[in-house]
Structure formats: structure tokens, C-alpha cells
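Computed from a prediction, not measured in an experiment: that's the story for all the values here.
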Amino acid sequence: MTKIILDPTNLYPIEPNYTIISNEVEWLKYFTLKDEAYWIKNKIPCAWTKEWLKVWNKIDLIIEIKENPRPLLASILNPLSIPAQWNNEQILNILTQLNRYPDDTKISHLLAEISDTELKLWECITPSKTHLAQWLCVAIPEEYQVFEQVWLEKFIVNNHNDKLRQYYQINNKLNILKDWVGIGLNKIDDLEIYPLPLPVILEKEFINFWRRKISKTQGEIIDNLILSQEYQKKLIAKIAYNIFLEKTNWITPDRVAKISIYLHADKRQKLNQLIPPPQPKSLNIDAKPDDCLQWVTNHYLPFRLWEINDNMSKNNKEKHQISSNLADSFVHWIVKNYPELKLDNVEKSWLNYSVTPQVEKLAKNNPILWVIVDGLGWLDHRELILKLTQKKSLYIQQDIQPKFSILPTKTEYAKWSLFTQLLPNHNSWNNNAGDGFSFINNGYRYTDRNKAKLIEDLQQKKYQIYCWDTTQLDELYHHETDWQTLYQLEREKVLDGIVKDILHFLEQYPEPEKLQIIIASDHGQIIGEVDKINNYPNNLKPQGRMAIGTTDDSRFVVLSAQKFDLPYDISVVKNQDSLGSFNYTQNQKIIGNHGGLFPEEVVVGFSILSQNISRLPVWITCKGEGKAKDKGELEIIIDNPNRVSLTNLCLYVNEIEELKMGKILNVVISPNQKINHKLEINKYPELPPDNDNNSFTLSGKITFNFANAELGEAELDSQSLLTIQQIFTSGFTGGLDEFF
């Protein structure tokens, strides 16, 4: 049967297999109804066709009459008008596109397709902050924006009572998006923080905005920010970090503490190393062992590292060596106290060989990967832990614990004792530290040369203790010839490599969540460049910073075999200098030697890490009582039930103006410790107008890091109260007692 399509508009594309008639001549010549299909174009041929078919009662051969697309599109866009610049061809193309979709959702489908977004964004029934945030990020091409306006008209009409509708009634979506993320001209308070990641279209502008603000105020804006309430607080902290690396004179302890909680631990450490630490007092010769270790780790080492790096960066000819004098007080302390320290029971000893009983005890319940990093001093140990926990592959199970190395601080003595739990005067001692591992049951020792065997044994769950004894860091210290290159570049590479190895070993174990990682060492390294002693006594056999034999030379300390439980008498350089080295710098200085008595050589760390750690909730209560507008005190009670310390604490209290932006608390809360901390308040707030009594509940939170690594926070509990003694307009302070 013949079929006919009429197109009086002459706009529509012609389908294949139709006989085309576009004028009167063609109509007279070809319209014979002998063909199967006719496509009639233009008004007159179409009119003739309709009349002719009516006369011959064949009007049903017309299967479609094409309509003018303009009124069709106008009805879809109503109440808006078709843009004046659109021609009929454009209109037809758009209408053809719309006709592919269901009648009641044509515009939603079109907007989803042209913006490459999900249909549900345009089929949303009610406004929400998330929907608004998503919609503002969508850029509609200019030729289709009229359809977005039609969608908006309907959306707003359907939600005319919703408070959010005002933000949909805008001319420039990008401006309100900028305002919402905090980089525009206006601040939007009632929308709270933008709920989605930073839109790609604003990334560069956002970074430039904060760089300008921080630079313009020379970092002072950080002091006045409530960073926890800022959008993209981690990115702001990163921007500030990069600026402070360039402008070190803008760094203050409070600014570092404020952004530190949003930085990776290695970045926190880098900033802290740029702040001149307070100069410690000399170590008291009668200090207890735990006080001595705290002095070394919290005071001496940060100061020593800063002083050395400061000297190097300024290339001082007359270098200040305050830390060397401080180290001398430690040398006196360790020489006096070591003979007593070695008398303690091994399991309870402050000496480093107490690590092994803990390893063996833990191995009864869990398989252990025991990583011995030769030459890993306390500072390097902390950095290694930071790197291991940075990507949240491992978590600190308990705080890193400081220990005193076995003397002298040379591998053949210190590591042998670490493994055997014996002192070097034992008749089984020899200068091969690896032989000492034979004292340990159900374990195997691997070196850098047989990591393949370690991987194979881990995969087969062959032992309870897998001891990887790596010397790559110690070798770096011995062979590098430039301190800055060693510390800032090569040391980082080696530590990163050790981290990759540990995580790889962890993955090889069939049940990695059960494998505990223990990090330990035998000794540390002298920090910085030191001089070579050339004119030492001839009877001494030099080995780095120590020598076999005795001398009455005042530059040396003699460790007698009998008093220090050694295989023979040993003389140790008293100051920071050295007797010899594997390599020398260009100016004939020595780097990375050990064997001496300086704190960085003697104090090492012991840490335990695991994949699965459950942190217990931290509890905080704030209480205070005082007169409105007067100075006062806030009592802060913090209970830490965890096995790790809380560091980098920052307190936020919404009802106290000076604490809204956050106040750094210069305290460290030890594991399983509950503290009462007093904080001075410059101005107590007034009672709220609708308050029925003289106290009100405090709200806010405290942010912190678990063991200088993971981020944590705790809300103020419901017992947090502030009692105000306020003078009312009557002249009386609160309370009926004043009337009697």
C-alpha cells in the first residue's frame, strides 16, 4: 500500500526510499500513486496532495503531516520564549532530540545528556544542600540554558515554601558556588560547609585565593581561623605548609600546631624542625633513667638537630655548638649510671636488650615481623614510624619507647646483646652479631641478601618470629660524604625503601591482620659533621668513635671491662669528634660515625605496629566558674584510655569567644592517663538572655593525634558547664542570698 508524508515546512530530513516531490511540476509529473512511498515538500504540493486524495477518497494514505517545529518547541518552553536568534533548522534539531525522550521528562533527559550528569539530578523533587551543591557545579552550554531556566521555573514553583529555593533563583551559578566554598565576595552562613569535594573548576582559584590571604597577612590569618570550620581545611593547611617552607620567619609554634593536625606526620615534623626549640638545661647527673630518656628525646635531640641544620644552612664559620656541651652532661650521666642499669633484670631493664623478651612474649599469641634497622637512632625511628602509618596501612599499637643501647654503641656489641639478652663480657660473645640470634627459639634471621627467603617463609607461615636485620641505613651513614645530601635526600630514600619492604612483607603473609610489626635497632648515629682526631695515643686501636685499650688522655672516657661488662677495656671519645671513618667529606669532616656516648648514639627506640587497632573513645570535660567579662580559669579534664599518647591537642569551645577559633594545649597525654589541665581565660562570657540560672552547658570539641599520627577528635561531654557570677541591671549578682 502506498504511504505519503507531507512536509509543508520543508525542514525535516527526508527518510530513505521515498519519491521526493518538492514543486508543482514534479507533482504533475511523478504523483501517480504507482510508487510505494512519497515525500511531499512545501506548502502548494502538500495542499494539492490533500485535495486530490480527498476527491479520490484516499486521504488515509497520508501517514504523517510534519508540523512547524517552532510552535511545538514554544509549547515545551512555555512560559519562556524561544531565543530570538534560533532559526527553524536549529529548532527542528532540538525538537528531534527532545522527541527521543518520554513526554513528561523531556527536559530532564535533555539536561542530563548534554551535561553528562545523572538523570536523578534533574528529576529531584525537593531541594537539598547536596542537590544544590551538585547542581551549582553543572555548566550548561549557552544554547541549552533556556531549558535549564524552564526546569528551574517548574522546580521553584513546586518548592515555593522551601528555604533553599532562593539559591536556585540566581543569574550566576559560579558566583554562588564561590561564595559557598569561601572564596567569593559574600559569605553564606545558613548553608553551612559545602558538602562535596572541591569542584574542579574552582581548584586553581581556591588555591590562589588562600595563598593570597596567607601571604598578605604574613601568616597571621591562620591565628584567627577556626580551621575545623573551614571548607577544605586539609587543603588550606597544605597551602599554609608550602608557604611556611618558603617564609620560615612567618612560622610560629601556634601556627604549626594549628595546621599540623591536618597534615601528614612527616610534614608536621618538617615544620617543627624549622622552629628554634628552647635551649634545654644540662642533664642532672642524679636524674632517674626515665627522666634522662625524656630529656634526650623531648629536649636534647630536637635542639641538636635544629642547631646542626641551622649551622649548615647559614654556613657559619664560627658554629655555635651548645648541644655538644649539653651532650657532655649526658656522657657524664651514662658513665655514672650504666653500671647500675646493667644490673637490672633483663625484662625490666632500661637497656635495649629488654626488647627481645617482649618480642618472644608477643610471639606466643601473634606472628612477629621483627625489623632491626642497624643504626636507626631515635629521630630516624620516629620518622620511619610516621612513614609506615602515613597511608594507614599500619597503626601504632603502643607508643614508641626509648631504650639505652648496650655500650659501646657498635654493632658487634650492641646487636649481639640485643639478640642474646647477655652483656658482651659473656664467654659466648664474638664480633659476629648474627651469631647471637641462635639464642632465640622459633624464629629465623634474614639479612638484605636473603629477602627472597623471608618472603617465601612468610608465605608458608614457617615461623613465629621473622627477623629482618637490615644494614642499609647504617651503610648510608658510613659512606655518604655530604651531611645535607645525606639527611635531606638519601636518608629519606632509604627510609622510604624500608617502608616499602615492610609493607610488601606484610602483604606476603596469608593473614596480614595477625602479623605484628616490631621495629628496633642496635644503636644510633652521631648527628652532623665532626672532626677527626689525628694525634691520639699510639696504644689505642681505633674503631670509629671508640678504641680498644685504655688511656689517661682527657679527651677520652675509659669503659673498663670489669665495670661495664665488656670483653676488654675500651676508650671512647668524650666529645663529638671521631678517630676515623670509612669516608670523609670534601673538607675532611666525618659523617655518621658511632661507638661513642652522645645521646643520639645511645638512645634508640622500640615500637609495635599492627594493621588492626581499635582506639577507645577519649573523654573531655570542661568546667569553670567566674564573673562575666573578668579573667578566669577553665578546668579541662581529659581521659585517654588508649595505649598510645595524645599529641597536638587543640580545644574548641563555642561559648567562649577566644576558644571558638581553637586553642593549642601544650600538653601530651600519656597512654592510660587522665589529666586535669588549667587554662586561663581572658574574658568570661555573659549569661545568655534566656538563661534561667547562673550556668550553662559548654559545647565544642578537642582535636588531637594518636601518637603523632592518626587524626582524632572528641566532643565535650554533657557535664561541661560554665557558671557565671553576673551583675544584673539591678546591681545585684545572681542569687537570692543577696536579698537576705
request  = Would you check if the side chain of Gln421 reaches a backbone N or O of Val346 as a donor-acceptor pair within less than 3.5 Å?
outcome  = no
inquiry  = Would you compute the distance between atom CD1 of Ile236 and atom CD1 of Ile214 and round it to the nearest 0.5 angstrom?
reply    = 7.5 Å
inquiry  = Could you check, using the six-membered ring where one of them is a Trp, whether Trp370 and Tyr463 have ring centers closer than 6.0 angstrom?
reply    = no
key: Sequence neighbours excluded, every pair satisfying salt bridge (Lys or Arg N to Asp or Glu O under 4.0 Å) that has a member inside residues 491-500   = Asp380-Arg491, Glu383-Arg491, Lys387-Glu492, Lys387-Asp496, Glu490-Lys493
query = By ring-ring contact (aromatic ring centres under 6.0 Å, His included), which residues pair with Trp250, not counting sequence neighbours?
reply = none
query = Which pairs with one or both residues in residues 695-717 pass salt bridge (Lys or Arg N to Asp or Glu O under 4.0 Å), sequence neighbours excluded?
reply = Arg615-Glu710, Lys701-Glu713
request  = Measure the NZ-CD1 distance between Lys415 and Ile372 for me, rounded to the nearest 0.5 Å.
outcome  = 7.5 Å
inquiry  = Applying ring-ring contact (aromatic ring centres under 6.0 Å, His included), can you list everything that pairs with Tyr262, at least two apart in sequence or on another chain?
reply    = none
query = Hey, what's the ring geometry for Phe330 with Trp295, parallel, tilted or perpendicular (30° and 60° as the breaks)?
reply = parallel
Distance-minimising heavy-atom pair for Cys467 and Phe437 = CB-CE1, 3.4 Å
request  = Search all heavy atoms of Ser610 against all heavy atoms of Gln397 and return the closest pair with its distance.
outcome  = CB-OE1, 3.5 Å
note = Taken in chain and number order and not counting sequence neighbours, the residues that satisfy side-chain hydrogen bond (donor to acceptor under 3.5 Å, both in side chains) with Thr389 are none
inquiry  = Checking the side chain of Asn648 only, and the main-chain atoms of Ala257 only, is there a donor and an acceptor separated by less than 3.5 Å?
reply    = no
Would you tabulate the side-chain donor-acceptor contacts of residues 281-292 under 3.5 Å, counting partners in other chains and residues two or more places apart, or write 'none'?
{"residue": "Asn284", "atom": "OD1", "partner": "Asp286", "partner atom": "N", "Å": "2.8"}
{"residue": "Asp286", "atom": "OD1", "partner": "Lys336", "partner atom": "NZ", "Å": "2.9"}

task = Say whether Gln464 and Asn441, considering side chains only, have a donor N or O and an acceptor N or O under 3.5 Å apart.
result = no
inquiry  = Applying the ring-ring contact (aromatic ring centres under 6.0 Å, His included) criterion to Phe505, which one of Trp468, Tyr466, Tyr446 satisfies it?
reply    = Trp468
task = Could you verify whether a donor N or O on one side chain and an acceptor N or O on the other, from Asp374 and Thr411, lie under 3.5 Å apart?
result = yes
remark   = Between Leu225 and Glu230 the two heavy atoms that sit nearest each other are CD2-OE2, 3.4 Å
Ser329 side chain vs Leu326 backbone, donor-acceptor pair below 3.5 Å = yes
ask   = Where is the tightest heavy-atom contact between Val557 and Val335, given as atom of each residue plus distance?
value = CG1-CG2, 3.6 Å
Using distance only, find each side-chain donor-acceptor pair of residues 662-678 under 3.5 Å and give its atom names and separation, not counting sequence neighbours.
{"residue": "Gln673", "atom": "OE1", "partner": "Ser670", "partner atom": "N", "Å": "2.7"}
{"residue": "Asn676", "atom": "ND2", "partner": "Glu635", "partner atom": "OE2", "Å": "2.6"}

query = Leu659 and side-chain contact (heavy atoms from CB on, under 4.5 Å): which partner among Ile226, Ile681, Asn654?
reply = Ile681
query = Looking only at atom types and distance, does a side-chain atom of Lys258 sit under 3.5 Å from a main-chain N or O of Ile222, one as donor and one as acceptor?
reply = yes
request  = Keeping to residues at least two apart or across chains, list the ring-ring contact (aromatic ring centres under 6.0 Å, His included) pairs with something in residues 701-723.
outcome  = Phe704-Phe706
key: ring-ring contact (aromatic ring centres under 6.0 Å, His included) contacts in which one or both residues fall within residues 379-409, not counting sequence neighbours   = Trp333-Phe404
task = Under the salt bridge (charged side-chain N to carboxylate O under 4.0 Å, His left out) rule, collect the residues that match up with Glu507, sequence neighbours excluded.
result = none
key: Side chains of Ser324 and Gln576, donor plus acceptor under 3.5 Å   = yes
task = Supply the atom-to-atom distance Lys623 NZ to Leu722 CG, rounded to the nearest 0.5 angstrom.
result = 12.0 Å
request  = Look up atom OH in Tyr338 and atom CG in Leu407, then write down how far apart they are to the nearest 0.5 Å.
outcome  = 4.5 Å
ask   = Going by the side chain to side chain donor-acceptor pair (under 3.5 Å) test, which pairs reach into residues 349-359, not counting sequence neighbours?
value = Ser354-Lys403
inquiry  = List the residues meeting ring-ring contact (aromatic ring centres under 6.0 Å, His included) with Tyr509, not counting sequence neighbours, and say none if there are none.
reply    = none
query = For Ala520 and Val355, which heavy atoms make the closest approach, and how far apart are they?
reply = CB-CG1, 4.2 Å
query = Rounded to the nearest 0.5 Å, how far apart are CG of Leu386 and CD1 of Ile396?
reply = 7.0 Å
